[in-house]
Amino acid sequence: MWSCRARSLLCVWEVRLARFLGRSLLSSNAASGKSIEPQCWNCGRAMGAGRGDEFFCAHCRALQPPDPTRDYFSLMNCNQSFRVDIRKLQQRYQQLQRLIHPDFFSQKSQTEKRFSEKHSTLVNDAYKTLQAPLSRGLYLLKLQGIEIPEGTDYRTDSQFLVEIMEINEKLADAQSEAAMEEVEATVRGDFEKAKELLTKMRYFSNIEEKIKLSKTPL
C-alpha cells in the first residue's frame, strides 16, 4: 500500500519543477516555409478540400497517414490553452475512435491497417495528455520549445532540493496512515501552486501572439 502511494506522491513532486520555467514562455518559434498540399498515397490526387473528413482522401476515401506536424490540441479540436473542456475532449476522442480504430479496418489494405494503428495510438496519446492538467501544462511548455528532462534537477535551486529531500525523509519514516496523509497534504498544496503557474501560460501565449503581429509588416 505504501509503495503505491509513494509512487503517486513522487509523480506530484516532479510537477513542481515546472514552476521554474513559467517565465520562459516568450521563446520564439522558428519560421516555417510554405506547406505543400499533400497527395493521396492511393490515388495520387491532391487531398484538397473535397467531401469527407480530414483523415480520408476526398476522392478515393482511402485512409491517409497521420500528419506529423499536427499538435494534440489541433487533433482534438481544442484551443491551445491550459483550460480544456473535458466533456468536449471526450466527445472528440470517441468520434475519432469511431473513424480510425483498427477494428474498422480489418478488411482494408495493409497500408490502411498500418495507418489506422498509428492514428489510434496518436489519438490515445493526445487524449491522455490533454485530459490531465499536469501533462496538458507540460505539453504546452513543450510546444513552446521548453521541456523538463526526467530524472534531473533541471534549473532547480538548492533550497527547493533540500525541501524535496526533507519530504522524502518524512515519507520514508511514515509508519501510519496519518503520517502518510500529512506528507500527501503537503505535496498536494504545492501541486495546486504549480497548476496556478501553468494556467498563467495562457497570458504568455497571448503576449507572444501580440509580439508576432507587431513584427508582421503591414
Side-chain angles (χ1 to χ4, degrees), residues 21 25-150 198 201-202 204-206 208-209 211-213 215-216:
L21 297 177
L25 288 172
L26 287 178
S27 59
S28 58
N29 295 325
S32 58
K34 294 182 178 180
S35 59
I36 301 175
E37 186 174 15
Q39 292 182 325
C40 174
W41 64 270
N42 186 51
C43 67
R45 301 172 67 178
M47 294 292 292
R51 68 178 180 86
D53 53 72
E54 60 205 295
F55 296 93
F56 299 86
C57 173
H59 308 289
C60 70
R61 300 302 297 152
L63 180 65
Q64 301 301 302
D67 181 356
T69 66
R70 193 172 191 184
D71 64 77
Y72 289 169
F73 289 96
S74 173
L75 176 62
M76 305 305 288
N77 282 354
C78 296
N79 292 328
Q80 197 172 114
S81 167
F82 184 74
R83 294 188 177 183
V84 168
D85 188 322
I86 299 299
R87 183 178 61 84
K88 290 183 178 180
L89 179 66
Q90 292 173 341
Q91 291 175 346
R92 174 64 171 172
Y93 173 72
Q94 294 169 355
Q95 174 197 20
L96 292 180
Q97 289 292 25
R98 287 193 293 268
L99 282 175
I100 48 79
H101 194 278
D103 288 349
F104 301 122
F105 291 83
S106 60
Q107 303 301 317
K108 298 291 186 177
S109 67
Q110 290 300 319
T111 298
E112 287 185 277
K113 287 180 181 179
R114 185 172 68 255
F115 289 160
S116 174
E117 292 173 355
K118 290 182 177 180
H119 275 296
S120 186
T121 298
L122 186 61
V123 168
N124 285 331
D125 290 344
Y127 178 68
K128 291 178 181 179
T129 298
L130 300 187
Q131 186 181 41
L134 172 57
S135 56
R136 187 191 316 140
L138 295 178
Y139 183 67
L140 276 169
L141 286 176
K142 183 178 180 180
L143 291 179
Q144 298 294 331
I146 303 170
E147 294 192 61
I148 303 175
E150 295 184 6
L198 287 171
M201 288 192 296
R202 293 182 302 147
F204 283 101
S205 296
N206 290 335
E208 185 180 29
E209 288 302 316
I211 293 175
K212 290 180 181 178
L213 289 175
K215 290 182 178 181
T216 302

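These numbers were taken from a predicted model, which means no experiment stands behind them.
- With rounding to the nearest 0.5 angstrom, the CG atom of L75 is 9.0 Å from the NE2 atom of H119.
- Residues L63 and F55 have side chains in contact (heavy-atom distance under 4.5 Å, counting atoms from C-beta outward).
- Counting non-hydrogen atoms of other residues, nucleotides and ligands closer than 6.0 Å to CG of D125 gives a total above 12.
- Distance alone, capped at 3.5 Å, is enough to place a donor-acceptor pair between the Y139 side chain and the Y72 backbone.
- With Q64 contributing its side chain and A62 its backbone, the two residues share a donor-acceptor pair below 3.5 Å.
- Between D71 and Q80 the shortest side-chain heavy-atom distance falls below 4.5 Å.
- Residue K108 holds its NZ atom at 14.0 Å from CZ of F115, rounded to the nearest 0.5 Å.
- The closest side-chain donor-acceptor pair between Q95 and R92 falls under 3.5 angstrom.
- At a threshold of 4.5 Å between non-hydrogen side-chain atoms, the residues L122 and R70 do not count as touching.
- Within the 4.5 Å cutoff, no side-chain heavy atoms of N77 are placed close to those of K88.
- A donor-acceptor distance shorter than 3.5 angstrom exists from the side chain of K113 to the backbone of S106, with no hydrogens or angles considered.
- Considering only heavy atoms from C-beta on, F73 comes within 4.5 Å of L143 through its side chain.
- The CG atom of D85 lies 12.0 Å from the CE atom of M76; values are rounded to the nearest 0.5 Å.
- The minimum heavy-atom distance between R61 and E112, with the atom names listed, is O-OE2, 4.3 Å.
- With hydrogens and angles disregarded, no donor-acceptor distance shorter than 3.5 Å links the side chain of S120 to the backbone of S116.
- Here CZ of R45 is found 7.0 Å from SG of C57. Values are rounded to the nearest 0.5 Å.
- To the nearest 0.5 angstrom, F105 atom CZ is 7.5 Å from I100 atom CD1.
- Taken to the nearest 0.5 Å, the CD atom of Q94 stands 10.0 Å off from the CG atom of L89.
- The shortest distance between side-chain heavy atoms of N42 and H59 does not fall below 4.5 Å.
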